[in-house]
*Asks:* 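Got a structure for you, questions after.
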Amino acid sequence: MCQENQKDRGKILVFSAASGAGKTTLLTYLTETVPGLVYSISATTRKPRSGEVNGKHYFFMSTEEFEAKIEKNEFAEWQQVHGNYYGTPRPFIESVVSSGDNIVMDIDVFGKKKFDAVYPEAVGILVTPPSMEELEKRLRDRKTDDEATILLRLQNAKTEMDFARLEGKYEHVIVNDNLEDAKIKISELIRTIIDG
């Protein structure tokens, strides 16, 4: 009975990447094309970008609200990134996997290490750009950040990728060199993990 219940639990798929590696585009594609995937919504204190909707893209909240939830241990992990808090709400994860659905998480490399302490069964997928030069080009082309923010993101990207290689638990790495190829690779990978 216990084994059967364990088997019925959904899989936890954790994606990490440096900002600009194409992870968000790939995750959107996955959730639209692979049945049975639920996208986990993170909480953040950063301001919404154009087109972002509270409760769909993120749970946007004040620093005070976020810190109150930290005190109540309501996050599976949380981190300060680029001067803002980001966190993964624990009750949402539990409701999804206990119902047998598979959950897709978007967590940075540092948060992933904390997350693994709570959910060691989570499968890690690291999305990387083909090079730092290509990453810089992508960050500049999306025109959402000023120069100081771009330089900070590039510096953080190097730190994040080094940390992922040395201390991360990533069973799979997807190099996003060509977006259409990456979509095919990631879709095949996720279907294999879910069916396995």
*Asks:* Should L189 and F15 be regarded as members of a common hydrophobic cluster, given that ILVMFWY residues are connected when their side-chain heavy atoms come within less than 4.5 Å of each other, either directly or indirectly?
*Replies:*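 Yes, same cluster.
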
*Asks:* How about S40 and F92: do any of their side-chain heavy atoms sit closer than 4.5 Å?
*Replies:*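 They are in side-chain contact.
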
*Asks:* So, the side chain of N102 versus the backbone of L37: is there a donor-acceptor pair under 3.5 Å, distance only?
*Replies:*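 No, the answer is negative, given that no donor and acceptor are paired below the 3.5 Å cut-off.
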
*Asks:* Under the side chain to side chain contact (heavy atoms under 4.5 Å, CB included) criterion, do T149 and R153 qualify, and how do the steps go?
*Replies:* CA-CA 6 Å; T149 303; R153 288 188 185 280; 3.7 Å; yes

*Asks:* Working to the nearest 0.5 Å, report the span between NZ of K56 and OH of Y39.
*Replies:*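 Interatomic distance, K56 NZ to Y39 OH, rounded to 0.5 Å: 12.0 Å.
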
*Asks:* Any chance you could measure S16, atom OG, to L126, atom CG, to the nearest 0.5 Å?
*Replies:*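 Going from the OG atom of S16 to the CG atom of L126 covers 6.5 Å.
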
*Asks:* Should E52 and R46 count as an ion pair when the cut-off is N to O under 4.0 Å?
*Replies:*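 Yes.
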
*Asks:* Is there side-chain contact between F110 and E160, with heavy atoms separated by less than 4.5 Å?
*Replies:*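 Result yes, sub-4.5 Å side-chain heavy-atom pair found.
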
*Asks:* Could you tell me whether the side chain of E77 reaches within less than 4.5 Å of the side chain of I107, counting heavy atoms only?
*Replies:*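 Contact flag for I107/E77 side chains = yes.
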
*Asks:* Under 4.0 Å between a Lys/Arg side-chain N and an Asp/Glu carboxylate O for E65 and K69?
*Replies:*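 Looking at E65 and K69, the cut-off is not met.
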
*Asks:* Between S99 (side chain only) and V96 (backbone N and O only), is there a donor and an acceptor less than 3.5 Å apart?
*Replies:*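 Indeed, once roles are kept as given, a pair shorter than 3.5 Å links the two residues.
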
*Asks:* Kindly say whether F60 contributes a backbone atom to a donor-acceptor pair with the side chain of T44 at under 3.5 angstrom?
*Replies:*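 Between the backbone of F60 and the side chain of T44 there is no qualifying donor-acceptor contact (under 3.5 Å).
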
*Asks:* Under 3.5 Å, side chain of R138 to main-chain N/O of G22, donor-acceptor pair present?
*Replies:*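 Absent.
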
*Asks:* Does a salt bridge link K137 with D141, judged by any charged N lying under 4.0 Å from a carboxylate O?
*Replies:*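 Yes, this pair counts.
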
*Asks:* If I take atom OG1 from residue T45 and atom CD from residue E64, how far apart are they, to the nearest 0.5 angstrom?
*Replies:*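 That separation rounds to 9.5 Å.
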
*Asks:* Can you check whether L13 reaches I103 side chain to side chain, under 4.5 Å on heavy atoms?
*Replies:*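 No. Closest side-chain heavy atoms not under 4.5 Å.
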
*Asks:* Are I125 and I184 linked, directly or through intermediate hydrophobic residues, by side-chain heavy-atom contacts shorter than 4.5 Å (ILVMFWY only)?
*Replies:*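 Shared cluster, no.
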
*Asks:* Do R165 and D162 pass the side chain to side chain contact (heavy atoms under 4.5 Å, CB included) test, and can you show the C-alpha distance, the side-chain angles, and the key distance before you say yes or no?
*Replies:* CA-CA 5 Å; R165 277 191 289 275; D162 289 346; 2.8 Å; yes

*Asks:* Just checking K183: does its NZ atom have more than 12 heavy atoms from other residues, nucleotides or ligands closer to it than 6.0 angstrom?
*Replies:*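 Count over threshold, so yes.
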
*Asks:* Taking the side chain as every heavy atom from C-beta outward, state whether R9 and E121 have any pair of such atoms under 4.5 Å apart.
*Replies:*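 Answer yes - side chains close enough.
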
*Asks:* Sequence neighbours excluded, which residues qualify as side chain to side chain donor-acceptor pair (under 3.5 Å) partners of D116?
*Replies:*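 D116 satisfies side chain to side chain donor-acceptor pair (under 3.5 Å) with K112 only.
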
*Asks:* Quick check: do V34 and I194 have side-chain heavy atoms less than 4.5 Å from each other?
*Replies:*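 Side-chain contact under 4.5 Å: yes.
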
*Asks:* Taking the six-membered ring of F75, is NZ or CZ of R90 closer than 6.0 Å to its centre and within 45° of its axis?
*Replies:*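 Negative - R90 is either too far from the ring of F75 or too far off its axis.
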
*Asks:* Find out if a path of hydrophobic residues (ILVMFWY) with successive side-chain heavy-atom gaps under 4.5 Å connects L26 to L30.
*Replies:*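 They do share one cluster, since a chain of ILVMFWY contacts under 4.5 Å joins L26 to L30.
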
*Asks:* Restricting to ring-ring contact (aromatic ring centres under 6.0 Å, His included), what partner residues turn up for Y29, sequence neighbours left out?
*Replies:*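 With neighbours one apart ignored, the set is empty.
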
*Asks:* Is a donor from one side chain sitting under 3.5 angstrom from an acceptor on the other, for Y119 and E94?
*Replies:*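 Yes, E94 and Y119 have a side-chain donor paired with an acceptor closer than 3.5 Å.
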
*Asks:* I want to know whether Y85 and W78 have ring centres closer than 6.0 Å.
*Replies:*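 Yes, close enough.
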
*Asks:* Rounded to the nearest 0.5 Å, what's the gap from CD1 on I186 to CD1 on I174? Could you check?
*Replies:*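 I186 atom CD1 to I174 atom CD1 measures 5.0 Å (nearest 0.5 Å).
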
*Asks:* N176 and A182: which non-hydrogen atoms are nearest, and at how many Å?
*Replies:*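 Minimum heavy-atom separation between N176 and A182: OD1-CB, 3.5 Å.
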
*Asks:* Report the residue from E134, E133, E147 that forms a salt bridge (charged side-chain N to carboxylate O under 4.0 Å, His left out) with R140.
*Replies:*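 Testing each of E134, E133, E147 against R140, the sole residue satisfying salt bridge (charged side-chain N to carboxylate O under 4.0 Å, His left out) is E147.
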
*Asks:* About how many Å separate CD1 of I150 and NZ of K143, when rounded to the nearest 0.5 Å?
*Replies:*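 Those atoms lie 9.0 Å apart.
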
*Asks:* Is there a donor-acceptor contact under 3.5 Å linking the side chains of T159 and N156?
*Replies:*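 On atom types as modelled, these side chains do not qualify, holding no pair under 3.5 Å.
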
*Asks:* List the residues meeting side chain to side chain donor-acceptor pair (under 3.5 Å) with T25, not counting sequence neighbours, and say none if there are none.
*Replies:*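 Once residues adjacent in sequence are excluded, T25 has no partner under the side chain to side chain donor-acceptor pair (under 3.5 Å) criterion.
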
*Asks:* Quick one: do M105 and Y58 end up in the same hydrophobic cluster if we chain Ile, Leu, Val, Met, Phe, Trp and Tyr together by side-chain heavy atoms under 4.5 Å apart?
*Replies:*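 No, separate clusters.
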
*Asks:* Are the side chain of T28 and the backbone of T24 linked by a donor-acceptor contact shorter than 3.5 Å?
*Replies:*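 Checked: pair present.
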
*Asks:* Salt bridge between E171 and K169, side-chain N to carboxylate O under 4.0 Å?
*Replies:*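 A salt bridge links E171 with K169.
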
*Asks:* Find the distance between CG (D195) and CD1 (I193) and round it off to the nearest 0.5 Å.
*Replies:*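 The CG atom of D195 sits 10.5 Å away from the CD1 atom of I193.
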
*Asks:* Please check this pair: side chain of D101 against backbone of G10, looking for a donor-acceptor N/O pair closer than 3.5 Å.
*Replies:*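 Checking the backbone N and O of G10 against the side chain of D101, no donor-acceptor pair under 3.5 Å is found.
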
*Asks:* Verify side chain to side chain contact (heavy atoms under 4.5 Å, CB included) between Y170 and V123, making sure each step is shown before the conclusion.
*Replies:* CA-CA 7 Å; Y170 292 95; V123 178; over 6 Å; no

